[in-house]
Amino acid sequence: MANLTPIVPNPRPASHIAFASVRVTRLRFVLVCRRLRPSILAIAFSCLGVAVCPALGQWTSAINISNTDELFSTGAHFVLDANGHMHVVFLDHNGPTNRLYYATNAGGTWSKNPIRSSGSGFKGTNIAITPDNVLHVFYGLNEGLHTLSKPAVGGAWSGSTRLDDNHPQNCPPPDATHPGNFPEGSWVAGVAVNSAGHLFFQWLHLFDNDLNPSNGLWGRRKPFNAAWECIELVAPGTQDDFPGGGWLTSDGVDFYCTYTLDDLDYRRRTGGAWSGPMPINPTGGSGRLLWSPTSNEMAAVWSHDFDSNAGGKWWEVFVKFSTDGGQNWSQPFNVSDKNHLDRGPHATYDSNGDLHIVWEGFDCEGCAVNVWYRARINGAWQSKDNLTQTSSKRTTPADIQSRGDRLFLVYTDNENNGFEDVYVMTTAPEIRTSTSLLEQTSFAGHDPASVNFTVRNAGPQTIDYAITSNVPWLTANPAAGASSGEADTITLDFENVNTFNAGQYTAFVNIDAAQAWNTPQVVEVRLVIESVGPDADGDGDVDQVDFGKFQVCLTGSSVPQNDPSCLWARLDEDEDVDQNDFGVLQACYSGPNVPASPSCAD
């Protein structure tokens with residue numbers, strides 16, 4: 001049995017040294033200095049003299065990826081694909097139609113699309129990605145639990161498969177005393193993927209007197225590139241209570257489920273069977289487990305209610321560590337340490353083995369709820385940082401993940417006129433352009449004016465970028481540069497376009513920066529080349545060729561010309577092609593290879 005230390009309220013735990021956050025022109029810095037100790041204090045002060053301390057902590061500005069069509073966008077979950085792109089699912093609620101949305105920045109800019117709509121409410125959603133770069137989305141709808149999939153890049157969503165009302169014929173019944181019954185419906189609880197690509201999906205089934213247990217966490221495993229296996233009971237509840245939470249994780253091989261049923265416990269799936277409950281916190285709370293990629297360290301992160309008898313207004317976030325697979329644990333450490341409501345933690349290890357925790361919290365009765373962040377770097381706890389800085393309403397973290405030493409955060413915020421939206425922030429260098437679309441218009445035979453946009457690094461550190469075009473007639477000046485946050489103006493020049501016929505032309509400009517998590521970014525350039533009405537062949541001049549085409553279309557006065565191929569020849573305001581139209585052509589006549597005056601037909 002793992003040893004446990006009960007949480008004892010301590011108004012001011014003093015088990016760490018905290019450095020104040022440095023705030024420079026609204027950018028937030030956490031004083032984190034990697035691999036440079038002997039003296040944390042001395043190094044922290046040395047960082048005050050430089051623009052950016054060489055560590056994590058500076059976050060990009062938030063991006064609203066939902067821009068909700070309804071009243072609430074909630075329930076967000078995300079994964080990172082092999083290229084570091086984000087894939088997010090969330091739910092839009094309110095009104096007669098509810099929607100399950102999928103959003104991604106895999107195309108260079110954020111886009112969202114509904115993948116399911118319903119007049120009834122969804123009961124949770126989640127997303128996973130397997131090693132073959134395939135996305136798997138899970139959702140509850142109409143008393144059923146469903147999944148569908150698609151490649152992370154391209155492709156279309158598959159049809160949905162229901163997971164809770166059937167399993168292979170050779171499987172034992174979920175409940176031997178009621179062999180025809182299944183744990184149908186209720187709520188999506190969690191999903192995880194291990195290093196072999198095996199999926200495990202878990203759901204919460206509630207208050208079903210025709211099933212034993214009537215409350216419980218159930219799940220199914222899907223081996224990599226194979227079919228879904230039997231329905232399994234992960235954690236039973238009681239007749240009157242259910243195992244809350246159901247956070248699912250993997251240490252790379254086995255699956256772990258954390259849940260609350262009086263105590264905060266976890267179970268481990270090894271060799272196809274779930275263990276009995278193993279305790280994390282004897283007085284409950286909501287929490288999860290995670291593992292360091294650089295050592296055998298295992299972390300348990302949870303929030304604890306110190307004031308349940310007074311409305312639950314005092315919660316704190318705690319963490320403890322084990323290096324022997326959970327047999328023995330360190331003393332709990334108070335991460336939030338603010339004596340107010342701090343709960344709902346999410347956590348991740350980065351590739352250096354440093355731990356990052358976010359949670360929702362406020363500092364005073366009636367204050368706004370913000371997303372707070374704290375890191376443990378090289379074993380030393382850094383200062384807490386308020387990431388969202390909202391003055392009203394509420395922000396709630398949905399998840400935090402890492403890729404290398406870069407962090408990705410998704411949270412919800414109802415600051416925007418009372419609407420709740422889904423936002424993204426990262427600590428990675430990020431290419432940010434002033435626009436994703438530029439449009440220009442010119443006359444045939446003339447060179448169009450240049451167009452401009454700006455590019456900058458919206459994250460920490462510096463990006464070195466290169467700009468290329470997919471067409472020879474559009475060039476960037478400068479074609480390369482570096483940004484540590486400043487916006488650089490890029491001029492796009494059109495070359496030899498005066499030889500183009502009238503029409504529409506499209507080019508794509510790539511901005512590549514190896515340091516940026518969202519490389520490359522793409523700016524689309526649309527060029528419209530116009531010509532005067534009498535220029536029938538669109539080459540910019542009005543000559544004998546155009547006159548010959550005009551003669552074919554002549555009808556004479558008051559005789560309408562309705563042939564689609566001759567509508568261009570109706571050069572005045574009536575519907576015939578007559579002497580008056582010829583007068584317009586004559587006014588624009590320039591001769592071969594001489595551009596007609598743009599105002600000749602006015």
Side-chain angles (χ1 to χ4, degrees), residues 1-2 77-82 126-136 138 147 149 152 163 167-168 171 188-203 217-235 243 245-259 264-280 287-302 319-330 346-356 399-404:
M1 173 69 68
H77 294 271
F78 79 97
V79 292
L80 300 168
D81 67 22
N126 215 316
I127 188 171
I129 188 167
T130 42
D132 52 355
N133 223 27
V134 171
L135 304 173
H136 304 264
F138 302 84
T147 183
S149 61
L163 296 175
H167 59 190
C171 291
V188 172
V191 62
V193 181
N194 69 9
S195 58
H198 304 325
L199 271 168
F200 198 92
F201 169 63
Q202 181 175 270
W203 68 93
L217 282 165
W218 299 80
R220 291 182 74 171
R221 190 181 80 125
K222 183 182 184 299
F224 186 53
N225 285 333
W228 287 96
E229 297 179 339
C230 304
I231 294 176
E232 305 174 12
L233 178 62
V234 179
W247 191 266
L248 196 64
T249 52
S250 173
D251 62 2
V253 178
D254 295 332
F255 293 102
Y256 294 74
C257 170
T258 56
Y259 62 95
L264 175 62
D265 297 325
Y266 73 93
R267 292 174 182 248
R268 177 180 181 179
R269 187 185 190 277
T270 303
W274 287 93
S275 71
M278 293 178 276
I280 296 175
R288 62 213 60 206
L289 300 172
L290 59 160
W291 291 263
S292 169
T294 61
S295 69
N296 60 348
E297 181 178 88
M298 172 184 179
V301 181
W302 75 97
V319 64
K320 62 181 181 180
F321 302 95
S322 174
T323 56
D324 58 8
Q327 294 301 307
N328 295 279
W329 292 92
S330 69
H346 296 258
T348 187
Y349 279 102
D350 65 27
S351 60
N352 299 300
D354 295 325
L355 181 64
H356 306 267
D399 198 7
I400 185 171
Q401 296 182 31
S402 66
R403 175 61 57 87

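Numbering starts at 1 and runs along the sequence shown.
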Would you please name every residue forming a ring-ring contact (aromatic ring centres under 6.0 Å, His included) with [X], sequence neighbours left out?
X    : result
H198 : none
H167 : F182
F200 : F255, W274

(request) Check the pair N194, V253 against side-chain contact (heavy atoms from CB on, under 4.5 Å), reporting the backbone distance first and the verdict last. (result) CA-CA 6 Å; N194 69 9; V253 178; 5.6 Å; no

Any side-chain heavy atom of [X] within less than 4.5 Å of one from [Y]?
X    : Y    : answer
E229 : P168 : no
L355 : L290 : yes
Y259 : L248 : no

Taking all non-hydrogen atoms of both residues into account, name the closest pair between [X] and [Y] and its distance.
X    : Y    : answer
V193 : P131 : CG1-CD, 4.5 Å
L80  : S402 : CD1-O, 3.8 Å
C257 : G246 : SG-CA, 4.1 Å
N126 : G190 : ND2-CA, 3.9 Å
V191 : A128 : CG2-CB, 3.9 Å
A235 : R267 : CB-NE, 3.7 Å

Contacts of type side chain to side chain donor-acceptor pair (under 3.5 Å), residue [X], not counting sequence neighbours:
X    : result
S322 : D324
D251 : Y256
D132 : T130
E297 : Y349, R376

Practice item. Could you walk me through whether D350 and H356 pass side-chain contact (heavy atoms from CB on, under 4.5 Å), step by step? Key: CA-CA 8 Å; D350 65 27; H356 306 267; 2.9 Å; yes

- Query: Donor-acceptor pair, K320 side chain versus I280 backbone, under 3.5 Å?
  - Reply: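 Checked: pair present.
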
Handout entry: Side-chain donor/acceptor of R220 to backbone N/O of F201, under 3.5 Å
Key = no

- Item | Salt-bridge contact D254-R269 (side-chain N to carboxylate O under 4.0 Å) |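 No, D254 and R269 are not salt-bridged.
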
Any chance you could measure [X], atom [atom1], to [Y], atom [atom2], to the nearest 0.5 Å?
X    : Y    : atom1 : atom2 : answer
S250 : L289 : OG    : CG    : 11.0 Å
D265 : T258 : CG    : OG1   : 10.0 Å
Y266 : T249 : OH    : OG1   : 10.5 Å

Under the salt bridge (charged side-chain N to carboxylate O under 4.0 Å, His left out) test, residues paired with R288 that sit two or more places apart |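 By the salt bridge (charged side-chain N to carboxylate O under 4.0 Å, His left out) rule, R288 matches no residue at all.
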
side-chain contact (heavy atoms from CB on, under 4.5 Å) between I129 and H136, intermediate numbers included | CA-CA 6 Å; I129 188 167; H136 304 264; 6.0 Å; no

For [X], what residues pass the side chain to side chain contact (heavy atoms under 4.5 Å, CB included) criterion, not counting sequence neighbours?
X    : result
T323 : N296
T294 : S292
A189 : Q202, L217
D399 : F78, H346, Q401

*Criterion side-chain contact (heavy atoms from CB on, under 4.5 Å) on W203 and I231, from CA distance to verdict*: CA-CA 11 Å; W203 68 93; I231 294 176; 4.2 Å; yes

> F138 vs W228 aromatic rings, parallel, tilted or perpendicular, using cut-offs 30° and 60°?
Replying inline: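 Perpendicular, since the angle between the ring planes exceeds 60°.
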
